[in-house]
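Take a look at the structure set out below.
Residue numbers run from 1 in the order of the sequence given. Order of appearance sets the numbers: ligands from 1, and atoms from 1 within every ligand.
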Amino acid sequence: MPQLPALSSEDLRSYHSQIRQRYDAFAKRGLKLNLTRGKPSAAQLDLSNELLSLPGTGDFMSGNIDCRNYGELAGLPELRALMATVFGVTADRLIVGENASLSIMHDCVAFSMLKGNCDSERPWSKESRIAFLCPVPGYDRHFSICQEFGIEMIPVPLTGNGPDMDVVEKLVAGDPQIKGIWCVPKYSNPSGTVYSNETIGRLAKMKTAARDFRIFWDNAYAVHHLTPERIEIANIDAACASHGNPNRTFIFGSTSKVTFAGAGIGVFASSKDNVGWYVKRIEKRTIGGDKLNQLRHLRLLKNADGVAALMDRHREILAPKFESVLTTFTEHLGNAGVASWTAPKGGYFISLDVMDGCAKQVVKLAKEAGVELTPAGATHPLGNDPQDRTIRIAPSFPELAEVTQAAEGVAICVLLAATEKLLAK
Ligand code: PLP
C-alpha cells in the first residue's frame with residue numbers, strides 16, 4: 001500500500017484507476033449493508049429472551065410491593081439497589097422508571113427550560129441565551145435535544161482523556177450562560193474515549209460562572225466492555241461532592257444494550273436535591289413506571305454479577321465484529337496515510353477520520369456502492385463537521401460476514417475519495 005500523499009501525480013493517476021476498478025467491482029456485487037445506528041443484533045437480543053416469559057404467572061410481588069398496581073414513582077427499591085451498584089451511587093439517589101435513558105435526558109433539559117433546576121434563579125427559557133459545551137466528536141441525539149430547545153452548542157475537542165479541560169475550564173468560568181456539558185465518560189460515542197481520573201477530577205472541581213451548571217453524564221456504556229479488561233473510571237458523583245459541588249452532575253444510564261433496546265430500564269441518579277427536583281417534575285406526568293418490566297429485569301439480572309455475566313456474552317458476539325473492522329481497515333488503509341481510526345475497548349462505535357474534506361464524499365460513495373453509513377457531520381453539533389473528516393462506524397447490528405464486507409467497502413471508498421482529493425490539488 002503506497003503512502004498516497006507522497007505519490008507523484010503520475011503514480012497517483014495510475015493508483016486512481018486501480019482503486020476505481022476495485023470500487024466498481026465492489027459496487028457490482030450489489031450488496032446491501034448497513035453500518036449506521038448502534039443497535040444490538042438479534043443474537044444479542046436473544047440473550048435476554050427469558051424476559052419475554054418473566055416474571056411469569058403468579059409472580060408480581062417485589063417485597064411487599066404489588067407490581068401490578070400504581071405507585072413507587074422512583075421504581076422498585078430492589079432494582080434501584082442493583083442499578084446503584086452499577087452506577088456508583090446510593091440507591092436512595094437513583095431512580096428507575098422509564099424504558100430507556102434518552103427520554104430522561106430530554107426531560108432534564110425540558111424541565112430546566114420550563115422551571116430551572118434546583119439551583120436556578122429562573123427558568124432557563126427566561127435567560128437571554130443558554131449554551132452547552134459539546135465535546136466532539138459526540139452523540140447526535142444529544143445535539144438534537146439542544147437544537148430542539150434553541151440551546152447554543154459550543155464544540156470542545158475531545159482528547160484521548162476526555163474533553164480538553166483547559167478549554168472547558170476557561171469557557172465555564174467566564175460565561176454564566178453556559179449551563180451544561182454533555183459527557184459520555186466511558187467508551188464515548190463514537191470515539192470509544194474513556195475519561196481519565198484527572199479529567200473527572202477537573203470536571204468536578206472547576207469553577208463555573210453559572211450556579212446552576214450541570215454535567216449531563218450519559219454513562220450509556222458503563223458495563224459494555226469489548227475486552228476482558230473491565231475498565232473502571234473515577235466516581236463523578238463522589239468527586240463533585242468532595243469538591244463542594246454535590247448538585248453538579250445528572251447521571252443517566254439504561255439497560256438498552258444490556259437487555260432489550262427500548263424495552264429496558266432507564267436510570268437517573270444524582271444528589272438528593274437533584275433527585276427531589278426531578279421527582280417533583282415527573283410526579284405531575286406519571287403515577288409510576290412499569291414495575292412489571294422492572295420486576296422481570298430484576299428476575300433476569302439478579303445482581304451486579306448477573307449484569308457482568310450477561311455483558312460477557314454480549315462481548316463474545318460484539319468483539320469479533322469490532323476486530324474484523326479494525327483488521328480490515330489496517331489491511332486496506334494501514335500505510336496509505338489518508339485515514340486514522342479508534343480501537344475502542346468498549347461501547348458500540350469506531351470513529352474513522354478520513355482526509356480533511358473527504359467524509360461526505362466517502363459516505364456518498366459508500367451509499368452508491370451499497371454500504372449505508374451514518375451521515376458525515378452527525379458527530380458534530382448541527383451536523384457541521386468543519387473539517388468534513390469524521391465518520392461513525394457502527395458494527396454491532398449486521399452479521400459478522402457483512403461487517404467485514406462493509407468495512408472493506410468503506411476502506412475502498414476512503415482510498416478513492418482521498419485519491420480524487422489529492423488529484424484535484
Ligand atoms: N447515549 C448514548 C451515548 C448512546 O450512544 C445511545 C444510543 O446509541 C443512547 C444514549 C440511547 O440510550 P437509551 O436507549 O437508553 O435511550
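- Checked against the 6.0 Å centroid criterion, the rings of His106 and Phe149 qualify as a close aromatic pair.
- The two atoms that bring Arg129 and Ala131 nearest to each other are NH2-CB, 4.0 Å, heavy atoms only.
- Across the listed options Cys183, Ser256, Pro185, Gly262, Ser256 owns the non-hydrogen atom lying nearest to atom 14 (O) of ligand 1.
- In terms of protein heavy atoms, atom 11 (C) of ligand 1 is closest to Tyr139 OH, 3.6 Å.
- The shortest N or O to N or O distance between Ser254 and ligand 1 is below 3.5 Å.
- Contacts of Arg313 classified as side chain to side chain donor-acceptor pair (under 3.5 Å), with partners at least two apart in sequence or in another chain: none.
- The nearest protein atom to atom 1 (N) of ligand 1, hydrogens excluded, is given as Asp218 OD2, 2.5 Å; this is a heavy-atom distance.
- Ligand 1 is approached by Tyr221 to a heavy-atom distance shorter than 4.0 Å.
- When Asn219, Leu102, Ile104, Asn99 are ranked by how near their heavy atoms come to atom 16 (O) of ligand 1, first place goes to Leu102.
- Ring to ring, His380 and Phe143 are not that close: their centroids are 6.0 angstrom or more apart.
- Across Cys118 and Asn247, no two heavy atoms sit closer than the pair SG-ND2, 3.9 Å.
- Relative orientation of the Phe216 and Phe132 rings is tilted, given thresholds of 30° and 60° on the angle between their planes.
- Heavy atoms of Lys257 found under 4.0 angstrom from ligand 1 belong exclusively to the side chain.
- Arg392 and Pro190 make their closest contact through CG-CB, 3.3 Å (heavy atoms, listed as atom of the first residue, atom of the second, distance).
- With a heavy-atom cut-off of 4.0 Å, Ser101 touches ligand 1 through backbone and side chain alike.
- Every atom of ligand 1 is numbered from 1 in the order shown, and the set under 4.0 Å from a heavy atom of Ala100 is 13 (P), 14 (O), 15 (O), 16 (O).
- Short contacts between ligand 1 and Asn189, defined as distances under 4.0 Å to a heavy atom of the residue, involve ligand atoms 3 (C), 4 (C), 5 (O).
- Residue contact annotation: Arg37 has no non-hydrogen atom under 4.0 Å from ligand 1.
- Here Trp277 and Phe250 bring their ring centres to under 6.0 angstrom of each other.
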